[in-house]
Asks: 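If you scroll down you'll find the structure; I have some questions about it.
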2 protein chains.
Amino acid sequence: MIQSRDINKAGRNTKEKILDAAERLFARVGFHAASLRAITGEAGANLAAVNYHFGSKVALLEAVFERRLLPLNEIRRTRLEAVQETARKEERRPTVAETFRAFIEPTLRFRDEGAGAREFIALVGRILSEPNETARNIFIQQMEPLFWLLFETLHTALPDLTQDLLFWRLQFAIGAMSHILRMTGKYPPLPNEIRSEKDTEALTERLIAFATAGMEAS
Amino acid sequence: MIQSRDINKAGRNTKEKILDAAERLFARVGFHAASLRAITGEAGANLAAVNYHFGSKVALLEAVFERRLLPLNEIRRTRLEAVQETARKEERRPTVAETFRAFIEPTLRFRDEGAGAREFIALVGRILSEPNETARNIFIQQMEPLFWLLFETLHTALPDLTQDLLFWRLQFAIGAMSHILRMTGKYPPLPNEIRSEKDTEALTERLIAFATAGMEAS
DNA sequence: TCATGATTAAAACAAACGTTTGAGCATAAA
DNA sequence: TTTATGCTCAAACGTTTGTTTTAATCATGA
């Protein structure tokens with residue numbers, strides 16, 4: 001009875017299968033357009049299972065976030081603090097490149113930790129541009145402390161920039177990142193002669209280089 | 001009878017009021033979430049008027065696009081071609097900065113051409129990240145030739161970049177631009193001590209500087 | 001003045017949505 | 001066995017969606 005949740009494998013599997021399917025569909029078609037019938041259908045579960053296990057659709061979205069965003073944010077927070085700590089010990093300012101690397105590398109690397117993680121990363125990019133406020137607010141709420149840690153680190157890296165200018169340039173960088181996170185597969189107008197670079201590591205380096213140069217623009 | 005559409009002022013006003021309201025609501029809540037009842041309600045028109053005047057909801061979206069996107073794209077195309085022409089006459093390569101200026105300046109300036117235009121620009125940013133394919137495809141279809149003109153101009157400006165690298169950096173820049181186009185009002189986690197820079201011209205310069213530096217990153 | 005076509009109004013349509021209900025089934029504790 | 005609990009299931013709930021229909025209203029040319 002106490003650990004019935006762990007013993008009842010059917011129940012646990014249903015809950016996780018719903019989480020997986022929701023992650024996939026939220027990322028692919030957005031929160032609003034992903035119906036509970038489509039989610040439970042893909043999960044092989046009953047329609048009522050969502051409201052039984054999670055309470056509501058938005059609670060399901062929160063659960064999808066918490067399962068992956070908390071660990072991911074923990075990694076990014078740790079790496080950002082490590083950048084600050086290292087720079088402090090070496091009595092220098094953190095560089096913009098290493099700051100962005102601490103943030104971007106774990107984010108894009110997350111894509112290679114299994115199919116579900118890849119869908120989740122696309123979901124992050126998708127939610128950042130969701131028109132629906134309830135969906136976006138859930139995400140922003142979990143993101144805001146990390147955003148300001150990133151902002152603060154960049155501020156010490158670029159002390160000559162006004163906070164106003166720094167804020168907007170960071171928004172540009174976030175826009176660039178979330179845009180490519182959203183780009184799953186056939187997204188852009190497809191170039192035929194251009195080989196689409198799927199390699200995560202190469203894309204990471206390119207994004208870091210782009211964002212760093214943009215932040216440091218004279 | 002022949003020009004009854006022009007004579008009947010009530011009808012013309014209804015059609016345009018619907019276009020205005022649709023523009024506003026599509027930008028604010030997205031295509032999917034903007035119901036025809038909300039649109040016609042805000043326009044002060046009857047629900048059936050949309051299907052009478054436009055045929056369907058997606059046709060309404062197309063009409064909203066065509067009213068403003070065609071003139072805007074014409075301006076951007078002309079300016080991009082002028083950049084190429086000027087560089088050719090002066091026997092030099094176009095610069096990245098003037099290329100981006102030709103594209104970004106008309107886009108953001110469009111915001112100051114009345115309230116409706118401002119909503120439309122937000123809509124452009126919104127549609128670029130719409131999960132709904134039908135909505136996005138309508139936009140991409142009208143955008144694609146301009147995208148490749150921009151790509152080609154940047155390619156001559158940066159001949160040392162591989163097409164693959166250029167493509168991705170341009171995607172980064174587009175992501176940055178569409179992100180701020182979407183940022184109407186209270187969008188980002190609001191900084192209190194940071195004065196939000198609303199001035200279009202200043203924002204344009206900042207975006208051009210950021211994108212240019214990113215494209216030219218070593 | 002009358003007829004005609006354009007436009008609006010109100011109502012209804014089927015479909016899809018999130019959510020709720022209550023019965024049924026399994027398993028563990030008493 | 002009996003009781004209780006966790007879970008699944010089919011069915012229905014009331015809304016809301018885009019679209020269609022039918023009748024009424026309006027402006028205009030003959």
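The figures that follow rest on heavy atoms only: side chains count, while hydrogens, waters and symmetry mates do not. To find a chain, count down the sequence lines: A is the first, B the second, and so on, and within it residues start at 1.
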Asks: Please name all residues satisfying salt bridge (Lys or Arg N to Asp or Glu O under 4.0 Å) with A/Glu81, sequence neighbours left out, ordered by chain then number.
Replies: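 A/Arg77.
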Asks: Got a sec, which residues hit side-chain hydrogen bond (donor to acceptor under 3.5 Å, both in side chains) with A/Thr153, two or more places apart in sequence or on another chain?
Replies: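 Applying side-chain hydrogen bond (donor to acceptor under 3.5 Å, both in side chains) to A/Thr153 gives A/Gln84.
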Asks: Between B/Asn13 (CG) and C/dA6 (P), how many Å, whole number?
Replies: 19 Å
Asks: What pairs with A/Glu205 under salt bridge (Lys or Arg N to Asp or Glu O under 4.0 Å), at least two apart in sequence or on another chain?
Replies: A/Arg101
Asks: Expressed in angstrom and rounded to an integer, what is the separation of B/Phe54 atom CZ from D/dT20 atom P?
Replies: 16 Å
Asks: Enumerate the residue pairs fulfilling salt bridge (Lys or Arg N to Asp or Glu O under 4.0 Å) with a member in residues 33-59 of chain B, sequence neighbours excluded, ordered by first and then second residue.
Replies: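 Residue pairs passing salt bridge (Lys or Arg N to Asp or Glu O under 4.0 Å), neighbours aside: B/Arg24-B/Glu42.
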Asks: Report each atom pair, protein N/O against N/O of nucleotides 18-21 of chain C, whose distance is under 3.5 angstrom.
Replies:
residue	atom	partner	partner atom	Å
C/dG18	OP1	A/Lys57	NZ	2.8
C/dG18	OP2	A/Leu36	N	2.9
C/dG18	N7	A/Arg37	NH1	2.8
C/dG18	O6	A/Arg37	NH2	2.8
C/dT19	OP2	A/Lys57	N	3.0

Asks: Between C/dA6 atom C1' and B/Lys15 atom NZ, what is the distance in whole Å?
Replies: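 Roughly 12 Å, once rounded to whole Å.
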Asks: Quickly work out the B/Glu16 CD to C/dT7 P distance and round it to whole Å.
Replies: 13 Å
Asks: With a 4.0 Å cut-off, would you call A/Arg79 and A/Glu105 a salt bridge?
Replies: yes
Asks: Identify each donor-acceptor pair in which a side-chain atom of residues 60-71 of chain B lies under 3.5 Å from a protein atom, sequence neighbours left out, and give them as a table.
Replies:
residue	atom	partner	partner atom	Å
B/Arg67	NH1	B/Asp20	OD1	3.1
B/Arg67	NH2	B/Asp20	OD1	3.0
B/Arg68	NE	B/Glu23	OE1	3.2
B/Arg68	NE	B/Glu23	OE2	2.5
B/Arg68	NH2	B/Glu23	OE1	2.9

